[in-house]
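Throughout, protein chains are lettered first and strands after them, A, B, ... in sequence-line order, and every chain is numbered starting at 1.
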Amino acid sequence: MRQSKTFIPTLKEAPNDAVVPSHVLMTRAGMTRQVAAGVYSFLPLGWRALRNVMEIIREEMDAIGGQEFQLPALNPREIWEETGRVEAFGDTMFHIKNRDYVLAPTHEEIMTYHARRVLASYKDLPQIWYQIQTKFRNEARPRSGVIRGRQFIMKDAYSFDVDAEALEKSYALHDGAYRKIFDRCGVEFFIVGASSGAMGGSGSEEFMVRSDAGEDTVAHCEKCGYAANVEVAQSKTSPKKRDAKSAAVEEIHTPNVRSIDELCEFLKIDETQCAKSRVYVAGDEPVLVLMLGNEEVNEAKLEGALGKAVRPGHAEELKEITGADAGSIGPVGFKGRVVADERLKDANNLYSGANKNDYHLGGIDLKRDVEKIEYADLRFALAGETCVSCGATLDVFTAIELGHIFKLGTKYTEALGANYLDENGSEKPIIMGSYGIGVERILACFIEGSHDEHGIVWNRALAPFDVHLLGLNMKKPAVAETCEDVYRRLSEAGYSVLYDDRVDAQAGFKFKDADLLGMPVQVVVGERNAKEGKLEVKVRKTFERHDAPIADVEKEAAAALAKV
RNA sequence: CGGGGCGUAGCGUAGUCCGGUUAGCGCGCCUGCUUUGGGAGCAGGAGGUCGCGGGUUCGAAUCCCGCCGCCCCGACCA
């Protein structure tokens, strides 16, 4: 494609609103433009890259027997009422004002609508149906460019099976296809397993990629692949050892000491000798939570342990419940349920609040001094701790969710009456699986992980073009003629070529633009080289470059592309 | 939805606190000449409802009131 005739509006400076690298670079490289918060246009270059992603997805979905659909974004609200999801989505769903339609945020309903009464027999199953289309969600806060938008392209697939065993097969097919898709796209993914209770399903996997622009914090073990959201992640930690002898409880006057740090400073003790108290309210019941030292309470784990939702107690409540303000609260004499982190199991000689302002207690023995204490894992796994499944060191970082597969079950088929007749003639609901991929996220995520100070660094699979051909001074006949020849030959050899044939751009300008756009290989034709029958071949990723005979350009391109 | 920040030419910005020239600068854009291997030089030029509406004032980008939009942090995320 001739750059002089192609719309690639590059920007030297980053727009003020772009913050994360992928957003900055996609804007600067002329791939995308923002239209509103969370709404983006894909310009020709960005669309080419996005089409590459979609084509990879399409090939792998077709390879497992998937059949592509084109479904409406405009859905009758009625269908969504049948599954109760108008209410479930709430404000996240866009509603049309002058017609009883909604903009589809996903397509379980429509796919199931097509399945019902048509997939009538066990002979019609299994089926894998998918689509690659725009979805709409009224996100409260769109952010990070196309990573969280109000309108975004999603590949979603649905499997329809006769029973749980058959669903396992469909699920496994998708699991395999997803690994291939992300591998081919060149993103380094890992998998977080989880149970998806709210969806009524029995199992799920999230395909995540490490990224500073990520919205989830996960613990990950590189050695064995263990990965989990920090809200549920576990790690092996050493409990505080019980001393042979328990000291007597002593009351200590600690004026103005309110935090563990201040307590340690005041008493010249280590924080591992302290038990931090936090008061939560679970339902109507006050619960005192004890953590070793200054560790943070993992509220998700606390809710899991208590089996109900919790909230931190208000400042006024604390005084009423404990007799003291935050900073002087402790387990001894606490009237109510006491739950301590496992690291404190049977610990003694601890310091904690006295439930009396400006006083702490020393010599606390949880076994001796706290009646009916319970223990549970209530902490966050931290980077550097030990993996529970293999003993290697855990890493904790933020990540972006690119894909999610889960065993859905019969939630939608039952709600919409999508049943089939089995071999015995008895009617049963179809078992579904649901499998999503955020298409733009793959692109953004790839760029997050593959760029340098000059711009984007594409791999072959996603690059909008294989080769960027630069004619340095197009007014010189030797350069122009060589470029035309090379452009024709590379194209005929099957490479997609972006040809910078602009006559008014200086050499340096073209180099900067090419580095920003980031095609894997640059072929540079300058006047001196051209007259000697040579050109320059540069690998964008490494900046490795060398001169080569013009006659060898096809071979040279192949060799350079093999390096990316 | 809570907290914070911002809105001046296509992009980046100065000016706003303390009202008073024709709203300034860099990049980009147009014309001409020169230049041509790492975002060129000179000369000339075009481009602005200062986010919108109302108010105060002789006079508002600047002060006051209301609204809108965008970004960031948090909450939320089937």
Quiz item: Counting side-chain heavy atoms from C-beta on, which of B:G39, B:A40, B:A75 comes nearest to A:Gln506?
Solution: B:A40
Quiz item: Rounded to the Å, how far apart are A:Phe543 CZ and B:G38 C1'?
Solution: 9 Å
Exercise. For A:Thr83, answer base if it contacts any base atom (sugar-phosphate contacts may also be present), sugar-phosphate if it contacts only those atoms, and nothing otherwise; contact means non-hydrogen atoms under 4.0 Å.
Key: nothing
Practice problem: Counting Watson-Crick and G-U wobble pairs only, both distances under 3.5 Å, name the nucleotide matched with B:A60, or none. | Solution: none
Self-check item: Distance-only donor-acceptor test (3.5 Å): side chain A:Asn16, base B:G7
Solution: no
Quiz item: Between the side chains of A:Thr92 and A:Glu139, is a donor N or O closer than 3.5 angstrom to an acceptor N or O?
Solution: no
Quiz prompt | Interatomic distance at C1', B:C1 relative to B:C64, whole Å | solution = 28 Å
Quiz item: For atom P, what is the distance between B:G5 and B:A9, given to the nearest Å?
Solution: 22 Å
Quiz prompt | Pairing partner of B:C25 (Watson-Crick or G-U wobble, both distances under 3.5 Å) | solution = B:G12
Practice problem: Could you please name the partner base of B:G53, counting Watson-Crick and G-U wobble pairs only when both distances are under 3.5 Å? | Solution: B:C65
Self-check item: Nearest listed nucleotide, side chain of A:Arg148, among B:C71, B:C77, B:G38
Solution: B:C77
Quiz item: If we call it a pair only when both distances are under 3.5 Å in a Watson-Crick or G-U wobble match, what pairs with B:C42?
Solution: B:G32
Self-check item: Listed nucleotide nearest any side-chain atom of A:Arg143, set B:G38, B:G37, B:G74
Solution: B:G74
Exercise. Using the closest heavy atom to pick a nucleotide of RNA chain B for each, name whichever of A:Ala14 or A:Lys510 lands nearer the 5' end.
Key: A:Ala14
Quiz item: Of the candidate nucleotides B:G39, B:G38, B:A75, which contains the atom at the shortest distance from the side chain of A:Ala140?
Solution: B:A75
Exercise. Can you tell me the distance, in whole Å, between the CZ atom of A:Phe511 and the P atom of B:A40?
Key: 12 Å
Practice problem: Determine the contact category for A:Ala18: base if any of its heavy atoms lies under 4.0 Å from a base atom, sugar-phosphate if only primed atoms, P, OP1 or OP2 are that close, otherwise nothing. | Solution: nothing
Exercise. Give a yes or no on whether a donor-acceptor pair under 3.5 Å exists between the nucleobase atoms of B:G37, that is its base, and the side chain of A:Glu536.
Key: yes
Practice problem: Scan A:Arg545 against the nucleic acid and name what it touches under 4.0 Å (heavy atoms): base, sugar-phosphate only, or nothing. | Solution: base
Quiz item: Nearest of B:G37, B:C72, B:G38 to any side-chain atom of A:Val524?
Solution: B:G37
Quiz item: Out of A:Glu303, A:Glu299, A:Glu285, which residue meets the side chain to side chain donor-acceptor pair (under 3.5 Å) rule with A:Tyr280?
Solution: A:Glu299
Self-check item: Whole-angstrom distance between B:G19 and B:A23, as gauged at atom C1'
Solution: 14 Å
Quiz item: Watson-Crick or G-U wobble partner for B:G19, using a 3.5 Å limit on both distances?
Solution: none
Quiz item: What integer number of Å spans the P atoms of B:C63 and B:C50?
Solution: 15 Å
Quiz item: Is the closest side-chain donor-acceptor distance between A:His404 and A:Glu205 under 3.5 Å?
Solution: no
Self-check item: Side-chain donor-acceptor pair present, A:Glu206, A:Asn229, cut-off under 3.5 Å
Solution: no
Exercise. Kindly state whether the ring of A:Phe397 and the ring of A:Phe190 have centres lying under 6.0 angstrom apart.
Key: yes
Quiz prompt | Nearest listed nucleotide, side chain of A:Leu472, among B:G74, B:G37, B:G12 | solution = B:G37
Quiz item: Distance between the C1' atoms of B:G41 and B:U36, in whole angstroms?
Solution: 12 Å
Quiz item: Nearest to the side chain of A:Pro15 - B:C72, B:C11, B:C70?
Solution: B:C11
Quiz item: With nearest nucleotides of RNA chain B determined for A:Pro105 and A:Val20 from heavy-atom distances, which residue corresponds to the more 5′ nucleotide?
Solution: A:Val20
Quiz item: Counting only distance, no hydrogens or angles, is the base of B:G37 paired donor-acceptor with the side chain of A:Asn473 under 3.5 Å?
Solution: no
Practice problem: Give a yes or no on whether a donor-acceptor pair under 3.5 Å exists between the nucleobase atoms of B:G39, that is its base, and the side chain of A:Arg502. | Solution: no
Practice problem: Would you mind classifying the nucleic acid contact of A:Lys538 as base, sugar-phosphate or nothing, using non-hydrogen atoms under 4.0 angstrom? | Solution: base
Quiz item: Taking the six-membered ring for Trp, are the ring centroids of A:Tyr499 and A:His468 within less than 6.0 Å of each other?
Solution: no
Self-check item: B:A60 versus B:G51 - spacing of their C1' atoms, nearest Å
Solution: 16 Å
Exercise. Check every atom of B:G37, B:G12, B:C70 against the side chain of A:Ala37 and return the nucleotide holding the closest atom.
Key: B:C70
Quiz item: What class does the angle between the rings of A:Tyr435 and A:Tyr178 fall in, given that below 30° is parallel, 30 to 60° is tilted and above 60° is perpendicular?
Solution: perpendicular
Exercise. Measure from the side-chain heavy atoms of A:Lys475 and tell me the nearest of B:C71, B:U36, B:G37.
Key: B:U36
Self-check item: Value in whole Å for how far the P atom of B:C71 lies from CZ of A:Arg150
Solution: 8 Å
